[in-house]
Amino acid sequence: MHDFTPIPALIGGVLIGLAASILLYTHGKVAGISGIFGSLFLRGQATALRVSFVLGLLASGLLAALAAPGAFADAPARPLGLTVAAGLLVGFGTRLSGGCTSGHGVCGSSRLSARSLAATLTFIASGAATVFVVDHIVLVLLARPS
(Lines give C-alpha, C1' and ligand atoms only; values in the text may rest on other atoms or scores of the structure.)
Protein backbone atom coordinates (compact mmCIF):
# COMPACT_ATOMS: atom_id res chain seq x y z
CA MET A 1 0.00 0.00 0.00
CA HIS A 2 1.31 3.40 -0.93
CA ASP A 3 -0.25 6.80 -0.45
CA PHE A 4 -1.72 5.80 2.92
CA THR A 5 -3.52 8.86 4.25
CA PRO A 6 -4.98 8.02 7.66
CA ILE A 7 -6.06 11.53 8.72
CA PRO A 8 -8.19 12.34 5.63
CA ALA A 9 -9.59 8.78 5.75
CA LEU A 10 -10.49 9.23 9.42
CA ILE A 11 -12.12 12.59 8.75
CA GLY A 12 -14.07 11.11 5.83
CA GLY A 13 -15.23 8.18 7.95
CA VAL A 14 -16.37 10.47 10.76
CA LEU A 15 -18.28 12.67 8.29
CA ILE A 16 -20.00 9.63 6.72
CA GLY A 17 -20.98 8.32 10.14
CA LEU A 18 -22.19 11.76 11.22
CA ALA A 19 -24.27 12.19 8.05
CA ALA A 20 -25.82 8.72 8.46
CA SER A 21 -26.61 9.47 12.11
CA ILE A 22 -28.22 12.81 11.27
CA LEU A 23 -30.39 11.20 8.57
CA LEU A 24 -31.45 8.42 10.94
CA TYR A 25 -32.14 10.84 13.82
CA THR A 26 -33.97 13.50 11.80
CA HIS A 27 -35.88 11.32 9.31
CA GLY A 28 -35.70 7.79 10.69
CA LYS A 29 -34.11 6.67 7.41
CA VAL A 30 -31.06 4.46 6.87
CA ALA A 31 -28.47 6.10 4.60
CA GLY A 32 -28.25 3.26 2.11
CA ILE A 33 -26.96 5.05 -0.96
CA SER A 34 -27.74 2.27 -3.44
CA GLY A 35 -31.33 2.01 -2.18
CA ILE A 36 -31.83 5.77 -2.24
CA PHE A 37 -30.29 6.10 -5.71
CA GLY A 38 -32.16 3.07 -7.09
CA SER A 39 -35.49 4.36 -5.82
CA LEU A 40 -35.11 7.47 -7.96
CA PHE A 41 -35.86 5.31 -10.99
CA LEU A 42 -38.99 3.68 -9.55
CA ARG A 43 -42.35 5.24 -10.18
CA GLY A 44 -43.56 7.17 -7.14
CA GLN A 45 -40.37 6.57 -5.13
CA ALA A 46 -38.42 9.72 -6.02
CA THR A 47 -39.25 11.82 -2.96
CA ALA A 48 -37.76 15.24 -2.32
CA LEU A 49 -35.60 13.75 0.45
CA ARG A 50 -34.11 11.13 -1.87
CA VAL A 51 -33.51 13.60 -4.70
CA SER A 52 -31.91 16.15 -2.37
CA PHE A 53 -29.78 13.43 -0.76
CA VAL A 54 -28.35 12.34 -4.13
CA LEU A 55 -27.88 15.95 -5.27
CA GLY A 56 -26.07 16.65 -1.99
CA LEU A 57 -23.72 13.73 -2.65
CA LEU A 58 -22.95 15.02 -6.14
CA ALA A 59 -22.52 18.62 -4.94
CA SER A 60 -20.22 17.64 -2.08
CA GLY A 61 -18.04 15.63 -4.47
CA LEU A 62 -17.84 18.60 -6.81
CA LEU A 63 -16.99 20.96 -3.94
CA ALA A 64 -14.30 18.58 -2.70
CA ALA A 65 -12.78 18.40 -6.19
CA LEU A 66 -12.77 22.20 -6.43
CA ALA A 67 -11.41 22.71 -2.91
CA ALA A 68 -8.68 20.07 -3.14
CA PRO A 69 -8.07 19.10 -6.78
CA GLY A 70 -4.80 17.39 -5.85
CA ALA A 71 -6.70 14.84 -3.79
CA PHE A 72 -8.14 13.35 -6.97
CA ALA A 73 -5.05 13.64 -9.19
CA ASP A 74 -3.46 10.38 -8.04
CA ALA A 75 -6.38 8.13 -8.95
CA PRO A 76 -5.06 5.38 -11.21
CA ALA A 77 -6.23 5.53 -14.81
CA ARG A 78 -8.36 2.58 -15.83
CA PRO A 79 -9.74 1.64 -19.24
CA LEU A 80 -13.28 3.01 -19.70
CA GLY A 81 -14.74 -0.43 -20.47
CA LEU A 82 -13.26 -1.85 -17.28
CA THR A 83 -14.65 1.07 -15.27
CA VAL A 84 -18.14 0.63 -16.74
CA ALA A 85 -18.04 -3.14 -16.13
CA ALA A 86 -16.94 -2.54 -12.54
CA GLY A 87 -19.78 -0.10 -11.98
CA LEU A 88 -22.34 -2.55 -13.35
CA LEU A 89 -20.96 -5.32 -11.13
CA VAL A 90 -21.18 -3.06 -8.07
CA GLY A 91 -24.79 -2.25 -8.93
CA PHE A 92 -25.62 -5.94 -9.40
CA GLY A 93 -23.87 -6.82 -6.12
CA THR A 94 -25.74 -4.18 -4.14
CA ARG A 95 -29.09 -5.41 -5.48
CA LEU A 96 -28.10 -9.00 -4.77
CA SER A 97 -27.10 -8.25 -1.17
CA GLY A 98 -29.97 -5.88 -0.46
CA GLY A 99 -27.70 -2.91 0.17
CA CYS A 100 -24.28 -1.36 -0.25
CA THR A 101 -21.35 -0.45 1.94
CA SER A 102 -23.11 2.58 3.37
CA GLY A 103 -26.33 0.76 4.22
CA HIS A 104 -24.78 -2.45 5.51
CA GLY A 105 -21.27 -1.27 6.43
CA VAL A 106 -22.03 2.03 8.13
CA CYS A 107 -25.63 1.78 9.28
CA GLY A 108 -26.23 -1.98 9.63
CA SER A 109 -22.92 -2.85 11.26
CA SER A 110 -23.31 -0.05 13.81
CA ARG A 111 -26.64 -1.66 14.79
CA LEU A 112 -24.87 -5.07 15.05
CA SER A 113 -27.05 -6.56 12.31
CA ALA A 114 -25.74 -10.07 11.55
CA ARG A 115 -26.89 -9.72 7.94
CA SER A 116 -25.00 -6.44 7.57
CA LEU A 117 -21.86 -7.81 9.20
CA ALA A 118 -21.89 -10.78 6.81
CA ALA A 119 -22.49 -8.47 3.84
CA THR A 120 -19.69 -6.10 4.90
CA LEU A 121 -17.20 -8.94 5.32
CA THR A 122 -18.21 -10.20 1.87
CA PHE A 123 -17.72 -6.71 0.39
CA ILE A 124 -14.23 -6.44 1.91
CA ALA A 125 -13.17 -9.89 0.73
CA SER A 126 -14.61 -9.32 -2.75
CA GLY A 127 -12.94 -5.92 -2.99
CA ALA A 128 -9.55 -7.29 -2.01
CA ALA A 129 -9.87 -10.16 -4.50
CA THR A 130 -11.00 -7.78 -7.24
CA VAL A 131 -8.08 -5.39 -6.69
CA PHE A 132 -5.66 -8.29 -6.82
CA VAL A 133 -7.15 -9.74 -10.02
CA VAL A 134 -7.40 -6.37 -11.78
CA ASP A 135 -3.94 -5.08 -10.77
CA HIS A 136 -2.02 -8.34 -11.19
CA ILE A 137 -3.84 -10.10 -14.01
CA VAL A 138 -6.19 -7.92 -16.08
CA LEU A 139 -4.03 -4.78 -16.33
CA VAL A 140 -0.88 -6.85 -16.91
CA LEU A 141 -2.59 -8.65 -19.79
CA LEU A 142 -3.91 -5.37 -21.24
CA ALA A 143 -0.43 -3.78 -21.06
CA ARG A 144 1.22 -6.62 -23.01
CA PRO A 145 2.28 -5.71 -26.53
CA SER A 146 0.34 -7.72 -29.08
Side-chain angles (χ1 to χ4, degrees), residues 1-43 45-47 49-65 67-143:
M1 177 183 298
H2 55 87
D3 301 333
F4 180 59
T5 55
I7 299 301
L10 178 64
I11 292 170
V14 167
L15 289 174
I16 290 170
L18 183 63
S21 297
I22 290 171
L23 183 65
L24 184 62
Y25 181 73
T26 59
H27 292 83
K29 304 278 186 193
V30 172
I33 308 303
S34 62
I36 292 172
F37 185 75
S39 69
L40 295 179
F41 302 101
L42 300 175
R43 182 179 291 243
Q45 297 288 316
T47 64
L49 176 66
R50 291 177 175 144
V51 171
S52 62
F53 191 87
V54 170
L55 289 176
L57 287 174
L58 295 172
S60 60
L62 180 62
L63 286 174
F72 299 91
D74 294 336
R78 302 280 192 227
L80 179 61
L82 190 61
T83 302
V84 170
L88 291 173
L89 286 172
V90 167
F92 176 75
T94 58
R95 298 307 294 175
L96 185 65
S97 68
C100 60
T101 52
S102 59
H104 283 301
V106 175
C107 299
S109 295
S110 65
R111 293 180 297 156
L112 301 177
S113 163
R115 180 174 162 248
S116 292
L117 292 171
T120 303
L121 291 174
T122 304
F123 296 155
I124 292 169
S126 300
T130 301
V131 167
F132 179 81
V133 168
V134 168
D135 283 354
H136 299 285
I137 298 173
V138 174
L139 291 179
V140 170
L141 291 174
L142 290 175

Supply the atom-to-atom distance [X] [atom1] to [Y] [atom2], rounded to the nearest 0.5 angstrom.
X	Y	atom1	atom2	answer
Leu55	Arg50	CG	CZ	14.0 Å
Ile124	Thr101	CD1	OG1	10.0 Å
Leu24	Arg111	CG	CZ	7.0 Å
Leu89	Leu96	CG	CG	11.5 Å
Ile36	Leu49	CD1	CG	7.0 Å
Thr94	Phe123	OG1	CZ	7.5 Å

Would you say the side chain of Leu62 lies within less than 4.5 Å of the side chain of Leu58, judging by non-hydrogen atoms? no
Do Ser126 and Thr122 come within less than 4.5 Å of each other through their side chains, counting heavy atoms only? yes
Look at the side chain of [X] and the backbone N and O of [Y], then say whether any donor-acceptor pair between them is shorter than 3.5 Å.
X	Y	answer
Ser102	Ile33	yes
Ser113	Ser109	no
Ser110	Cys107	yes
His104	Ser97	yes

Take the angle between the ring planes of Phe37 and Phe41 and call it parallel below 30°, perpendicular above 60°, tilted in between.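 Ring orientation of Phe37 relative to Phe41: perpendicular.
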Between Leu142, Val140, Asp135, which is the residue that forms a side chain to side chain contact (heavy atoms under 4.5 Å, CB included) with Val138? Leu142
